[in-house]
Amino acid sequence: MFSEGERIYKDFETAYENISSRPIYDTEDYVVFKPLEDLEDGEIPNSVIFTVDAFELMLLLQLDGSHRSKSNYVCVPQSSACQSIGCFVFEQEEQDDPHMVLEPVDLSVRSHMKHFIPNDYVTLAMPWKLFLKLEEISKNSIFQSSLLPI
């Protein structure tokens, strides 16, 4: 089905160029996903992943934009979901001004994931240092006002 990439990309060359330019973090380490409350003392995660609906996404985007003097952007890679929450977030961790990564836009996996993440939800991942920054900002933000209709 995807032997030449034409079903996702317009042609093989575009697919090859996109795939070749993705960040690679190839180590023999493994990744463990677990809730933040299950972190052990001294354990520092690389990233935080939220599963959000449209309203929750809007709130997190608002919070992230509240500390930036330039327009905010969110990284939305044309990649597999596992590359998005892994390699692309790890790449953002290395940046001075990291950004969030929205996924999955991998339509080939959506049908397999919908019993875990329904189609009206997406995941928004971010490096740990950005999470800590947003957590601090949220203490004195619009989240603390009567504007939040929750």
Side-chain angles (χ1 to χ4, degrees), residues 2 5 8-9 15-150:
F2 296 108
I8 294 175
Y9 296 95
Y16 183 80
E17 185 176 333
N18 181 287
I19 292 167
S20 298
S21 67
R22 293 178 185 173
I24 296 175
Y25 292 84
D26 191 17
T27 69
E28 298 201 15
D29 295 333
Y30 56 91
V31 175
V32 175
F33 293 92
K34 62 177 158 180
L36 288 176
E37 62 266 10
D38 290 348
L39 291 176
E40 297 178 18
D41 287 339
E43 188 175 11
I44 300 173
N46 287 21
S47 62
V48 176
I49 304 166
F50 292 97
T51 303
V52 296
D53 62 21
F55 184 73
E56 293 163 333
L57 174 62
M58 183 266 313
L59 291 173
L60 287 168
L61 293 174
Q62 172 68 41
L63 182 62
D64 188 44
S66 73
H67 73 94
R68 300 178 186 279
S69 59
K70 297 180 182 176
S71 292
N72 182 25
Y73 73 88
V74 174
C75 179
V76 186
Q78 178 76 5
S79 66
S80 66
C82 57
Q83 287 176 321
S84 294
I85 62 175
C87 297
F88 283 92
V89 177
F90 300 157
E91 179 183 51
Q92 287 299 312
E93 176 68 27
E94 295 173 353
Q95 307 301 315
D96 292 335
D97 184 23
H99 293 274
M100 298 185 283
V101 179
L102 180 67
E103 74 271 340
V105 295
D106 179 1
L107 295 176
S108 64
V109 79
R110 271 292 189 175
S111 64
H112 301 292
M113 289 179 45
K114 64 184 171 187
H115 59 284
F116 297 114
I117 302 174
N119 284 338
D120 50 344
Y121 285 83
V122 294
T123 56
L124 190 67
M126 65 187 73
W128 179 245
K129 66 182 177 184
L130 180 57
F131 171 77
L132 293 177
K133 184 175 196 171
L134 296 181
E135 186 177 49
E136 186 61 33
I137 292 169
S138 73
K139 295 175 185 174
N140 189 23
S141 71
I142 196 168
F143 289 4
Q144 311 308 322
S145 75
S146 61
L147 292 175
L148 199 59
I150 294 179

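Side chains included, hydrogens not; waters and symmetry mates left out as well; all remaining heavy atoms used.
Heavy-atom minimum distance, Leu130 versus Pro98: CD2-O, 3.7 Å. Of all the heavy atoms in Leu134 and Leu63, the pair that sits closest is O-CD2, 3.6 Å. For the pair Ile137 and His67, the tightest heavy-atom approach, listed with the atom from each and the gap, is CD1-CB, 3.3 Å.
The local environment of CG in Asn119 is crowded, with over 12 non-hydrogen atoms from other residues, nucleotides or ligands closer than 6.0 Å. The environment of Gln95 atom CD is dense: over 12 non-hydrogen atoms of other residues, nucleotides or ligands sit within 6.0 angstrom. At most 12 non-hydrogen atoms from other residues, nucleotides or ligands lie less than 6.0 angstrom from NZ of Lys70. Applying the 6.0 Å contact sphere to CD of Glu37 captures more than 12 heavy atoms from other residues, nucleotides or ligands.
In this structure, Ser47 OG and Phe131 CZ are separated by 11.0 Å, a value rounded to the nearest 0.5 Å. Between the CE atom in Met100 and the CG atom in Asp64 there is a gap of 3.5 Å [rounded to 0.5 Å]. Here the SG atom belonging to Cys75 is positioned 9.0 Å from the CD atom belonging to Glu103, to the nearest 0.5 angstrom. Here the straight-line distance linking atom CE of Met126 with atom CD of Gln92 works out to 11.5 Å at 0.5 Å rounding. If you take CG on Leu102 and OG1 on Thr123, they are separated by 7.0 Å, rounding to the nearest 0.5 Å. Here the CD1-CD distance, from Ile19 to Glu17, works out to 11.0 Å after rounding to the nearest 0.5 Å.
Put simply, the side chain of Glu56 gets close to the backbone of Asp53: a donor and an acceptor are under 3.5 Å apart. Listed for the His99 side chain is a donor-acceptor partner under 3.5 Å among the backbone atoms of Tyr73. When atom types are taken as modelled, the side chain of Glu136 and the backbone of Leu132 share no donor-acceptor pair closer than 3.5 angstrom. At least one donor-acceptor pair closer than 3.5 Å links the side chain of Ser138 to the backbone N or O of Glu135.
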Show your reasoning for whether side-chain contact (heavy atoms from CB on, under 4.5 Å) applies to Val101 and Glu91. CA-CA 10 Å; Val101 179; Glu91 179 183 51; over 6 Å; no
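Side-chain contact between Val89 and Ile49 is absent, with no heavy atoms from C-beta onward closer than 4.5 Å. The shortest distance between side-chain heavy atoms of Val48 and Trp128 falls below 4.5 Å.
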